[in-house]
Amino acid sequence: MVCLCAFVAGVAFPAVLGQQGVEIAPRVPDAAPAAYYVDSALVLIPVHVTTPLGASVDTLKRENFRLFENDEEQALSVFAHDDAPISIGLLFDSSGSMKSKRVQVAEAAAAFLKTANKQDEFFLVEFNDRAKLVLPFTSGIQEVYSRIVSIKPFGKTALLDAVYLGIRQMKNARCLRKALVILSDGGDNWSRHGRREVENALLESDVQVYAMGIFDSDLATRHPREERDGPALLDNLALQTGGRLYTVSDIDALPAIGERISRELRSQYLLGYAPRHPPQPGKYRRVQVKLTVPQEMPPLRASYRQGYYGVER
């Protein structure tokens with residue numbers, strides 16, 4: 001029996017893998033989240049703004065943003081920057097290579113869940129030889145965590161299948177903001193869905209991808225090609241959605257990275273607009289966000305989805 005003790009924000013959560021004895025309470029936001037009512041034709045673009053040193057910037061206003069679609073400026077009908085709830089899908093790698101890392105990965109999940117808004121909702125997908133939904137949408141973070149610590153790693157890695165399943169499950173989301181968070185240590189070697197198919201599905205969705213990549217130090221020389229390609233695969237999936245891959249070199253740093261991803265998701269601006277020219281199904285629309293900030297501010301960087309495919313409504 002493996003013992004686990006997750007230390008998050010100065011609070012200890014003693015646990016035993018496979019048991020139900022941990023209590024992880026979500027934080028309580030300072031104020032009730034605002035409600036946003038939008039129609040199905042609205043395009044939503046989460047934007048994360050950082051300084052040159054990578055610190056999040058949370059003081060910008062609507063007038064600091066200009067948004068273009070196919071080089072034509074769009075009028076913003078939604079601008080939000082508060083603690084609005086998020087629909088989050090956790091995609092948990094339970095392949096055989098995760099056996100030695102399960103304690104630290106569970107700690108990372110605890111750190112991520114600890115910073116949750118009480119109105120957030122989560123689902124959990126486990127993937128090894130196949131991807132399966134082990135927990136549909138729930139606001140019970142205790143239940144999510146208990147399922148994670150009871151997972152027993154074995155088999156191969158159907159990562160792309162897990163992302164595809166996560167996109168499908170996200171169609172049941174009730175929140176405007178949506179994200180998939182992947183915890184994995186390698187590339188895909190067992191999926192039925194291809195890389196291009198999954199990338200296109202992401203571009204047709206309004207889902208961001210964040211990933212914690214737990215890669216071995218000798219990955220470039222002693223591992224099969226699909227595992228060597230793992231970092232590039234996760235990085236591409238994240239970047240095209242405005243998310244980010246965090247490469248984990250020190251497995252003990254996983255909890256801090258889990259908390260950092262959660263806080264980054266909650267420091268984003270949400271821009272929404274109805275396109276001046278409704279997109280045709282299957283046609284790619286390029287999106288560009290420009291920042292207009294006072295000269296006394298340092299150069300800022302905006303991370304966001306670079307475009308999307310029109311879909312049938």
Side-chain angles (χ1 to χ4, degrees), residues 87-102 105 108-109 122-137 144 147-148 150-173 178-216 218-220 222-248 254 261 282 284 305-306 308-309 311:
S87 296
I88 298 170
L90 294 174
L91 310 185
F92 193 92
D93 186 344
S94 61
S95 60
S97 59
M98 292 290 286
K99 285 182 180 179
S100 63
K101 305 159 186 170
R102 59 189 304 221
V105 173
F122 299 87
F123 66 82
L124 177 63
V125 168
E126 172 191 353
F127 62 97
N128 40 56
D129 289 350
R130 65 186 183 93
K132 59 182 178 181
L133 178 68
V134 296
L135 191 65
F137 272 119
V144 176
R147 291 293 186 95
I148 287 174
S150 67
I151 289 175
K152 296 179 173 55
F154 73 93
K156 296 185 179 294
T157 310
L159 188 153
L160 288 170
D161 285 354
V163 176
Y164 193 84
L165 177 58
I167 296 169
R168 292 180 57 191
Q169 179 65 16
M170 199 62 78
K171 294 179 180 179
N172 301 317
K178 308 174 183 70
L180 298 177
V181 179
I182 305 170
L183 296 93
S184 180
D185 71 343
D188 187 291
N189 58 18
W190 208 250
S191 284
R192 294 182 298 107
H193 297 284
R195 177 170 178 168
R196 181 63 59 85
E197 180 184 11
V198 172
E199 289 175 346
N200 287 342
L202 280 172
L203 288 173
E204 292 175 356
S205 72
D206 54 357
V207 177
Q208 285 186 286
V209 173
Y210 281 82
M212 286 179 260
I214 316 160
F215 307 120
D216 293 336
D218 60 352
L219 186 65
R222 300 184 57 187
H223 289 261
R225 178 177 178 179
E226 61 268 14
E227 292 189 29
R228 298 198 303 270
D229 290 344
L233 172 62
L234 287 175
D235 190 45
N236 184 65
L237 293 176
L239 286 178
Q240 72 175 341
T241 66
R244 182 174 175 182
L245 164 66
Y246 285 85
T247 299
V248 182
L254 264 173
I261 290 176
Y284 183 76
R305 173 187 297 274
Q306 303 293 310
Y308 68 96
Y309 278 108
V311 296

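This is a predicted model, so every value here is computed, not measured.
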Under the salt bridge (charged side-chain N to carboxylate O under 4.0 Å, His left out) test, residues paired with Arg195 that sit two or more places apart: Glu199

Listed partners of Lys156 passing salt bridge (charged side-chain N to carboxylate O under 4.0 Å, His left out), at least two apart: none

Applying side-chain contact (heavy atoms from CB on, under 4.5 Å), can you list everything that pairs with [X], at least two apart in sequence or on another chain?
X      : value
Ser97  : Ser95, Asp185
Lys99  : Pro153
Ala201 : Tyr164, Ile167
Arg192 : Asp161

[X] (side chain) donor-acceptor with [Y] (main chain) under 3.5 angstrom:
X      : Y      : result
Asn189 : Thr157 : yes
Gln208 : Gly242 : yes
Ser94  : Phe127 : yes
Thr241 : Val209 : yes

Shortest non-hydrogen separation from [X] to [Y] and the atoms involved:
X      : Y      : result
Asp206 : Lys178 : OD2-NZ, 3.2 Å
Leu160 : Asp188 : N-OD2, 2.7 Å
Ala173 : Ser87  : CB-OG, 3.4 Å

Residues that [X] engages under side-chain hydrogen bond (donor to acceptor under 3.5 Å, both in side chains), provided they are two or more places apart:
X      : result
Glu204 : none
Gln306 : none
Ser205 : none

For [X], all residues meeting ring pair (Phe, Tyr, Trp, His ring centres under 6.0 Å), sequence neighbours excluded:
X      : value
Phe92  : none
Phe154 : none
Tyr246 : none

Can you tell me how far [atom2] of [Y] sits from [atom1] of [X], rounded to the nearest 0.5 angstrom?
X      : Y      : atom1 : atom2 : answer
Gln169 : Asn172 : CD    : CG    : 5.0 Å
Leu234 : Ile182 : CG    : CD1   : 5.5 Å
Lys101 : Ile214 : NZ    : CD1   : 6.5 Å

Given Leu133, Leu135, Leu165, the one that forms side-chain contact (heavy atoms from CB on, under 4.5 Å) with Phe123: Leu133

Reference residue Leu90; test side-chain contact (heavy atoms from CB on, under 4.5 Å); the match among Val134, Ile148, Leu180: Ile148

